[in-house]
Amino acid sequence: MTIIKSYKSQNLNGEILIPGDKSISHRALILSSCAVGRSTISNLLESEDVYSTLKALKILGVKIKKNKDNWHVYGNGLGSVAGFKGLLNLGNSGTGARLLMGLISGCEAEATFTGDESLSKRPMKRVIEPLLQSGSQIVSEDNSLPVTVKGSKIPLPINFSSKLSSAQVKSAVLISGLTSSGITNYYEPILSRDHTERMLKFMGAEIETINFQGKWKISMTGLPSLKNVDFKVPNDPSSASFPIVSTLITPNSKIHIKEVLMNELRIGFIKTLLEMGAKIDVINKKYSNGEKIADLIVNSSKLNAVDVPAERSSSMIDEYPILSIAASFANGTTTFNGVEELKYKETDRIIEVVNNLNKLGIKASSTKNKIIITGNNNKVVNGGIEIDSKLDHRIAMSFLCMGFFSNKPIIINRAQTIQTSFPNFFESMKKIGGNLVK
Ligand code: S3P
């Protein structure tokens with residue numbers, strides 16, 4: 001077991017390197033395996049979650065090789081995993097598991113999906129229900145892993161209206177629809193991250209998003225000829241959120257982060273932090289492979305409480321744990337609305353955030369869909385507690401960041417889970433002055 005302790009830090013300064021985006025890395029591997037020919041991916045996130053997807057694709061027969069800093073995926077076209085029958089262990093990765101269920105459901109293949117202790121508790125009904133429409137057979141005892149997907153020989157296009165805004169479900173449906181001969185339609189109440197749509201469009205698929213009767217309708221024409229591509233993965237805003245909040249709460253700090261993905265559907269947390277009074281400058285805005293990117297300059301700031309609307313939750317769904325740390329030091333009571341989906345992440349993040357903040361002396365409570373935190377107006381917390389990550393990388397990193405403004409250290413047990421998304425977190429945070437000890 002890895003234990004990491006975080007101690008009060010003097011100030012954070014300098015440039016921090018942020019790894020490639022996790023969502024885009026999974027998609028770059030999976031979608032380029034559906035193209036014909038060699039795709040080259042640079043700045044792929046080399047973390048455990050992405051390796052789980054990469055290993056699963058290799059087991060499915062896809063040739064993937066690393067050459068210097070680039071990854072080459074030798075795609076064999078749509079439906080090329082047909083004939084496969086076996087086990088795919090996706091470790092901690094919900095994205096890998098759900099997107100690959102979509103891939104299998106659209107091919108004459110059969111895979112049993114398994115995962116670690118955390119992934120095995122996560123709900124799969126949300127993805128099983130729409131994928132059944134493709135004609136595939138899906139077996140699971142209680143709608144959680146292990147799940148066996150027996151794909152359809154002649155996959156039907158799915159027409160599914162989701163109550164959730166989940167990019168994993170949407171992407172599973174679209175990936176399944178690639179091999180069907182009709183139009184796949186997916187509806188969601190609030191637009192979730194659209195990397196799959198952007199990447200498929202970039203590769204030549206016909207795909208459009210419109211507002212239809214109060215919902216977002218995403219339509220894709222099946223059997224596209226997907227071009228092999230050269231793809232540079234932008235840096236992950238979700239990983240950047242940890243040094244950003246650490247800098248805001250640590251006095252006399254200033255950091256610089258380059259080429260962060262600025263997709264509007266991912267940066268609700270920056271919008272929220274700006275509303276709280278955070279000093280974050282967004283400079284050098286440009287486009288890379290159809291996605292917006294920019295550099296960020298972040299300064300320590302005095303933060304005020306905010307009321308974050310439910311409509312924003314999908315664009316900051318992974319950042320609530322670290323934003324809860326920002327809210328703990330703000331002036332006033334912050335309310336995060338519409339957060340019920342946090343219950344289904346790597347842990348029940350509503351419970352983990354509230355319980356751990358309470359242990360640290362911060363007033364926090366929750367209802368089914370709200371987290372309410374009363375900030376201490378910039379007072380150092382006492383610290384001196386141990387927290388089990390419960391295999392949730394974002395809980396581990398968030399509370400380590402809180403330790404930078406604590407009198408006694410905050411100790412995270414099972415901190416190895418950080419490898420899931422931010423393998424160099426320890427070294428990178430130390431380099432800018434974060435007082436972490438293993
Ligand atoms: C992801 C979508 C989100 C997010 C997860 C990554 C993706 O999950 O929380 O970390 O890459 O599609 P949901 O689809 O469950 O909202």
Side-chain angles (χ1 to χ4, degrees), residues 19-31 44-45 47-50 52-53 90-103 115 118-119 121-131 143-144 160 162-175 186 188-200 216 218 233-234 236-242 261 263 265-269 291 310-323 338-350 352 369 391-395 397-398 417-418 420-422:
D21 188 70
K22 182 154 80 71
S23 291
I24 293 184
S25 293
H26 285 290
R27 287 158 172 81
L29 290 170
I30 296 173
L31 296 180
L44 185 83
L45 170 64
S47 76
E48 277 182 9
D49 254 22
V50 176
S52 293
T53 291
L90 271 302
N92 192 263
S93 179
T95 307
R98 293 184 176 127
L99 269 56
L100 288 175
M101 284 182 198
L103 185 79
S118 156
L119 185 58
K121 287 188 199 136
R122 297 180 68 184
M124 294 297 157
K125 185 165 180 222
R126 52 185 60 202
V127 70
I128 295 175
E129 207 186 342
L131 290 181
N143 287 314
S144 57
F160 188 77
S162 176
K163 290 195 190 76
L164 307 169
S165 290
S166 162
Q168 292 179 357
V169 178
K170 172 172 66 177
S171 302
V173 167
L174 292 172
I175 291 170
Y186 182 83
E188 57 183 353
I190 293 173
L191 205 55
S192 63
R193 63 191 70 188
D194 60 355
H195 309 306
T196 304
E197 297 92 301
R198 282 175 189 269
M199 210 175 284
L200 282 172
W216 291 95
I218 297 98
V233 179
D236 196 327
S238 299
S239 297
S241 68
F242 299 103
L261 173 71
N263 181 314
L265 302 170
R266 290 289 300 281
I267 55 166
F269 78 99
E291 292 276 12
E311 307 79 74
R312 201 182 292 164
S313 67
S314 159
S315 69
M316 51 185 276
I317 195 67
D318 293 332
E319 286 70 62
Y320 285 106
I322 187 66
L323 278 181
V339 297
E340 52 269 50
E341 265 298 297
L342 293 188
K343 202 173 160 45
Y344 307 110
K345 296 298 173 189
E346 285 80 338
T347 53
D348 179 337
R349 288 186 178 154
I350 301 182
E352 292 310 310
N369 58 8
L391 301 185
D392 188 332
H393 52 130
R394 300 197 202 280
I395 290 293
M397 289 186 278
S398 298
T417 188
I418 293 172
T420 294
S421 65
F422 196 162

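Index from 1, following the sequence. First listed ligand is number 1; within each ligand, the first listed atom is number 1.
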Would you call Arg126 and Glu341 a salt bridge, using N to O less than 4.0 angstrom?
yes
What atoms of ligand 1 come within less than 4.0 Å of a heavy atom belonging to Ala167?
12 (O), 14 (O)
Check: Phe422 main-chain N/O paired with Lys22 side-chain donor or acceptor under 3.5 Å:
no
Quick one: does Ser166 get an N or O within less than 3.5 Å of an N or O on ligand 1?
yes
Does either side chain, that of Thr196 or that of Ser171, offer a donor lying less than 3.5 Å from an acceptor on the other one?
yes
Using a 4.0 Å heavy-atom threshold (strictly under), name the region of Arg193 that reaches ligand 1: side chain, backbone, both or neither.
side chain
Please state which protein non-hydrogen atom is closest to atom 10 (O) of ligand 1 and give its distance, to 0.1 Å?
Asp318 OD2, 2.8 Å
Under 3.5 Å, is there a donor on one side chain and an acceptor on the other for His393 and Ser421?
yes
To the nearest 0.1 Å, how far is atom 1 (C) of ligand 1 from its closest protein heavy atom, and which atom is that?
Gln168 NE2, 3.6 Å
Can you name the atoms of ligand 1, numbered from 1 with element, that are less than 4.0 Å from a heavy atom of Ile317?
9 (O)
Does Ser52 reach the main-chain N or O of Ser93 with its side chain, forming a donor-acceptor pair under 3.5 Å?
no
Steps toward side chain to side chain donor-acceptor pair (under 3.5 Å) verdict (Glu48, Thr420):
CA-CA 5 Å; Glu48 277 182 9; Thr420 294; 4.8 Å; no
Ser23: numbered ligand 1 atoms lying under 4.0 Å from its heavy atoms
1 (C), 6 (C), 7 (C), 11 (O)
Electrostatic pair Asp318-Arg394, nearest N-O below 4.0 angstrom
yes
Considering heavy atoms of the protein only, find what lies nearest to atom 12 (O) of ligand 1 and give residue, atom and distance to 0.1 Å.
Arg27 NH2, 2.6 Å
Any nitrogen or oxygen of Lys345, side chain or backbone, less than 3.5 Å from one on ligand 1?
yes
